[in-house]
Amino acid sequence: MRDRKYAILGTGALGGFYGARLQKAGLDTHFLLKSDYQHVNEYGLFIESKEGDFTLTQVNAYHDVEKMPQCDVVVVALKTTQNYLLPKLLPPVVKENGVVLVLQNGLGIEEEVAQIVGNVTVIGGLCFLCSNKVGPGHIHHIDYGEIILGEYTSEYSPAGITENMQLLSDDFKSAGISIELTEDLLLGRWKKLVWNIPYNGLSVILNATTDKLMADQYTHRLIAQLMYEVVLGANSMGRNIPDSFVQKMLDYTLQMKPYRTSMKIDYDECRPLEIEAIFGNPLRKAQAAGADLPQISCVYHQLKFLDAQNQREG
Ligand SMILES: NC(=O)C1=CN([C@@H]2O[C@H](COP(=O)(O)OP(=O)(O)OC[C@H]3O[C@@H](n4cnc5c(N)ncnc54)[C@H](OP(=O)(O)O)[C@@H]3O)[C@@H](O)[C@H]2O)C=CC1
Ligand SMILES: CC(C)(CO)C(=O)C(=O)O
């Protein structure tokens, strides 16, 4: 069991955190980096975490996927805006009959991955994590970290609990990561969007952290309305999200420390926003299933405007 080899594609806030925890737990882990390659190769990775800081001084760091060993599990931890690179990055590094684990936010990525690499199992992970990359090879794990794992099947029909999900769960649990398994990845993905769509979108449009959005009665109401539209989107694809889940997400955010969402950080840093994965794909899927989601569509169009302007002028 312990000899499963892991590749982390994208050693940033999320990939750096989970990858470092896997290596610390004794798993053979290989990290693909871009701008931090030299630094991490020389000094390793530093994880500053509320669960305990640690440094990995020796890291298997790569800046070329062709130099990586073939791995049993390949973790996709790039921003989805970089997913156009996956046809080049995935085939050399994933073993035949291996697993690709998509830990990104958004909808429909597993489907894209399954089209790129055949003969592999594709698993999606919904990450309830607050982490930022604050310097080269320096990850700040702020809070949380639980992952909900679900296996992808054609058309996202529920896969049940599979052996590969159990194996991944064992590895991540051994690294101190809390894991839940879901029989229905599509339901899990829509549930995650209940949080990401309102907070990621409004944090950028209204230039606000989560606490500010929750404290104001108008934005609080708008958030709840957007959440209920996500529920309608899920319904259009045959998935039911109970009202109590919407309330749970509102309560969860009220209890969170004031948080600048990852989309807001990307906007402030003038990086491209993950609009298509988080807004565009769900809107298109719901529309194809006959559902109209006007408030989400309104947020989507505003974000497209802001992103284009930011990329031009930033
Ligand atoms: N951070 C979080 O707490 C959470 C993140 N997520 C999701 O996880 C995904 C990753 O987000 P996050 O970790 O925050 O993003 P980051 O930007 O911190 O990490 C992405 C990393 O990918 C690297 N990268 C980009 N292109 C390449 C390439 N061609 N080769 C190698 N490395 C590359 C970047 O390197 P460089 O810096 O050099 O560009 C960066 O370090 C997103 O979909 C996000 O929505 C989900 C839940 C929580
Ligand atoms: C909800 C949150 C902030 C942490 O649980 C997250 O997972 C995200 O930014 O996507």
Side-chain angles (χ1 to χ4, degrees), residues 7-20 30-40 45 49 61-68 74-90 92-93 101-109 124-148 178 188-189 191-201 203 209-211 213 223 227 248-266 269-279 281:
I8 308 291
L9 302 187
T11 310
L14 178 140
F17 172 67
Y18 289 124
H30 299 260
F31 296 87
L32 182 72
L33 297 112
K34 198 168 68 174
S35 58
D36 292 355
Y37 168 71
Q38 292 292 357
H39 183 96
V40 171
L45 280 168
S49 169
Y62 306 83
H63 67 309
D64 179 356
V65 80
E66 299 284 348
K67 300 209 167 86
M68 295 179 82
V74 178
V75 179
V76 180
L78 303 164
K79 288 280 185 190
T80 51
T81 49
Q82 304 300 301
N83 279 4
Y84 67 91
L85 295 170
L86 291 177
K88 190 177 116 221
L89 298 182
L90 279 174
V93 77
L101 173 61
V102 180
L103 291 186
Q104 299 167 311
N105 273 321
L107 193 68
I109 314 297
L126 301 324
C127 300
F128 295 83
L129 173 72
C130 294
S131 179
N132 293 326
K133 185 173 85 99
V134 291
H138 180 175
I139 311 297
H140 182 202
H141 169 224
I142 304 162
D143 221 338
Y144 309 108
E146 188 191 28
I147 305 179
I148 301 180
S178 161
R189 286 251 165 237
K191 281 173 126 177
K192 185 79 189 341
L193 290 170
V194 169
W195 198 91
N196 286 123
I197 283 187
Y199 293 106
N200 287 24
S203 65
T209 45
T210 49
D211 55 317
L213 293 172
I223 284 162
M227 286 183 172
K248 191 173 145 193
M249 287 299 101
L250 291 168
D251 294 344
Y252 168 82
T253 314
L254 276 173
Q255 283 153 23
M256 267 169 81
K257 292 187 195 116
Y259 187 58
R260 191 163 59 120
T261 68
S262 53
M263 189 166 273
K264 178 71 170 103
I265 295 174
D266 286 339
E269 302 283 330
C270 291
R271 291 191 294 250
L273 307 182
E274 296 185 287
I275 302 173
E276 292 308 327
I278 297 176
F279 295 84
N281 289 348

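Heavy-atom basis, side chains included; hydrogens, waters and symmetry copies ignored. When a ligand or atom number is given, it counts from 1 through the structure's own listing order.
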Does [X], backbone or side chain, put an N or O under 3.5 Å from an N or O of ligand 1?
X	answer
L89	no
E274	yes
Q104	no
L129	yes
A13	yes
S35	yes
S131	yes

By ring-ring contact (aromatic ring centres under 6.0 Å, His included), which residues pair with [X], not counting sequence neighbours?
X	answer
H138	F46
Y62	H30
Y18	none

Could you pull out every N or O of ligand 2 that sits under 3.5 Å from a protein N or O, with the distance for each pair?
{"residue": "ligand 2", "atom": "5 (O)", "partner": "Y252", "partner atom": "OH", "Å": "2.4"}
{"residue": "ligand 2", "atom": "7 (O)", "partner": "C127", "partner atom": "O", "Å": "2.9"}
{"residue": "ligand 2", "atom": "7 (O)", "partner": "K192", "partner atom": "NZ", "Å": "3.0"}
{"residue": "ligand 2", "atom": "10 (O)", "partner": "N105", "partner atom": "ND2", "Å": "3.1"}
{"residue": "ligand 2", "atom": "10 (O)", "partner": "K192", "partner atom": "NZ", "Å": "2.8"}
{"residue": "ligand 2", "atom": "10 (O)", "partner": "N196", "partner atom": "ND2", "Å": "2.9"}

Is the contact between [X] and ligand 1 made by the side chain, the backbone, both, or neither, using heavy atoms and a 4.0 Å cut-off?
X	value
H63	neither
L85	side chain
K34	both
A277	neither

Should you measure from each heavy atom of [X], which atoms of ligand 1 turn up under 4.0 Å away?
X	answer
C130	3 (O)
G12	13 (O), 18 (O), 19 (O), 21 (C), 41 (O)
T11	41 (O)
A77	10 (C), 20 (C)

With respect to [X], which candidate in [options] satisfies the side chain to side chain contact (heavy atoms under 4.5 Å, CB included) definition?
X	options	value
P136	L33, D36, L45	D36
W195	L126, I223, T210	T210
I147	L129, L103, L101	L103

Starting at [atom1] of [X], measure out to [atom2] of [Y] and round the result to the nearest 0.5 Å.
X	Y	atom1	atom2	result
K192	F128	NZ	CZ	5.5 Å
M263	D266	CE	CG	7.5 Å
T11	I139	OG1	CD1	8.0 Å
Y199	M227	OH	CE	4.0 Å
L14	C130	CG	SG	11.0 Å

Nearest to [atom], what protein heavy atom do you find, and at what distance?
atom	value
atom 23 (C) of ligand 1	G10 CA, 3.9 Å
atom 13 (O) of ligand 1	L14 N, 2.8 Å
atom 9 (C) of ligand 1	L78 O, 3.6 Å

Original post:
Where the closest heavy atom to atom 7 (C) of ligand 1 is concerned, which of L86, D143, N105 has it?
Top reply: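 Of the listed residues, N105 has the closest heavy atom.
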
Original post:
So which heavy atom on S131 is nearest to which on H141, and how close?
Top reply: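 For S131 and H141, the tightest heavy-atom pair comes out as OG-CA, 4.1 Å.
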
**OP:** Taking the side chain as every heavy atom from C-beta outward, state whether T81 and L273 have any atom pair closer than 4.5 Å.
**Re:**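 A side-chain contact under 4.5 Å is absent here.
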
Original post:
Is there a side chain to side chain donor-acceptor pair (under 3.5 Å) between T80 and Q104 once you walk through the steps?
Top reply: CA-CA 7 Å; T80 51; Q104 299 167 311; 5.5 Å; no

Subject >> N132 side chain to V134 backbone, donor-acceptor under 3.5 Å >> reply: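 Side chain of N132 to backbone of V134, a donor-acceptor pair under 3.5 Å: no, none is there.
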
Subject >> Within-cutoff protein neighbour (heavy atom, under 4.0 Å) for atom 46 (C) of ligand 1 >> reply: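 Protein heavy atom within 4.0 Å of atom 46 (C) of ligand 1: present.
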
Original post:
Would K264 count as a cation-pi partner of Y259, with NZ or CZ less than 6.0 Å from the six-membered ring centre and within 45° of the ring normal?
Top reply: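 No cation-pi geometry.
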
